[in-house]
Structure formats: C-alpha cells, structure tokens
Amino acid sequence: MIKKRLIPFALIAVFGILTMIIVGSVGMNQQQAIENEDKGGGEEQTASANPEEMFQNSCASCHGSDLSGGVGPNLQGVGDRLSVEEIVSTIENGKGQMPAGLYTGEEAKAVAEWLAEQ
C-alpha cells in the first residue's frame, strides 16, 4: 500500500529533476550567446547608418517624426538657424531637457548634416 502512494511522488520528483536539467541547459546556451554578442558578435550602429533612421530611432519621439516638434522644439529649418557644428554640439552635449550623448562623433555629425538640410 505504501509503495502505491509513493509512486506519484516519485514520478513528480523525476519529472521535476528532468525539467531542471533541460532549463539549465537552455540557460547555458543563452548565456553563451550573450557572451558572444558582448565580444563583438552583435550589431553596432555606425555612422554609415542612415541619418534619417538614426533620427527616427532616438530623436523623433520628442521632436516629431516630421521635425515639427512636440516635447522638444520644432527642427524644421534648423539649418537656417544653426550651423552644423552648433547642431553637433547640441546633439553631443544636450540642451535644456535634451539629454547629452544620444549620438557622438561621426554619428552626431551625420545626423547634424541631415538636419541642416531639412
């Protein structure tokens, strides 16, 4: 009688152990994938990326997808008001509530040149 009552508990224990082994093995594979990505296997956004896409990814939420403004100021015709260097400085250093460092270096310059043409 006692053996018949222990069988379901034994099955549950075996099932639990197998589940833990499977979950652990999947976790190890994911950890290796993350480590490989950190070593350079992941994609990086570079200055060769389309400046308009870069704007849409990081700036459009505040400045509007059509540059008309919103939380941030209107950027239509910003090239008439500011030089490319001033736009780069604003992108790299921030201004007002705009955070600094959204883009730096060549990325900031590419976005600034694109904005100056708009």
For Leu67 and Asn74, the nearest pair of non-hydrogen atoms, with its separation, is O-OD1, 2.8 Å
Exactly one of Leu11, Leu18, Thr19 clears side-chain contact (heavy atoms from CB on, under 4.5 Å) with Phe15, and that residue is Thr19
- Query: How about Cys62 and Met98: do any of their side-chain heavy atoms sit closer than 4.5 Å?
  - Reply: no
Output for pair (Leu102 CG, Asn57 CG), nearest 0.5 Å, gives 11.5 Å
Taken in chain and number order and not counting sequence neighbours, the residues that satisfy side-chain contact (heavy atoms from CB on, under 4.5 Å) with Ala116 are Val84, Ile87
Within the 4.5 Å heavy-atom criterion, are Ser68 and Gln76 side-chain neighbours or not? yes
query = Does some side-chain heavy atom of Phe55 sit less than 4.5 Å from a side-chain heavy atom of His63?
reply = yes
Interatomic distance, OG1@Thr104 vs CD1@Ile91, rounded to 0.5 Å, equals 10.5 Å
Output for pair (Thr90 OG1, Leu115 CG), nearest 0.5 Å, gives 10.0 Å
Heavy-atom nearest pair, Ala110 first then Pro51, reads O-CB, 3.6 Å
**Request:** Taking the side chain as every heavy atom from C-beta outward, state whether Tyr103 and Glu92 have any atom pair closer than 4.5 Å.
**Result:** no
Closest heavy-atom pair, Val88 versus Lys109, reported as atoms and distance to 0.1 Å, is CG2-CA, 3.7 Å
Output for pair (Ser65 OG, Glu52 CD), nearest 0.5 Å, gives 9.5 Å
Practice prompt. Might you work through the side chain to side chain contact (heavy atoms under 4.5 Å, CB included) test for Gln118 and Leu75, ending with a clear yes or no?
Written response: CA-CA 8 Å; Gln118 303 305 308; Leu75 295 180; over 6 Å; no
Where the side chain of Glu86 meets the backbone of Ser83, is there a donor-acceptor pair that is under 3.5 Å apart? yes
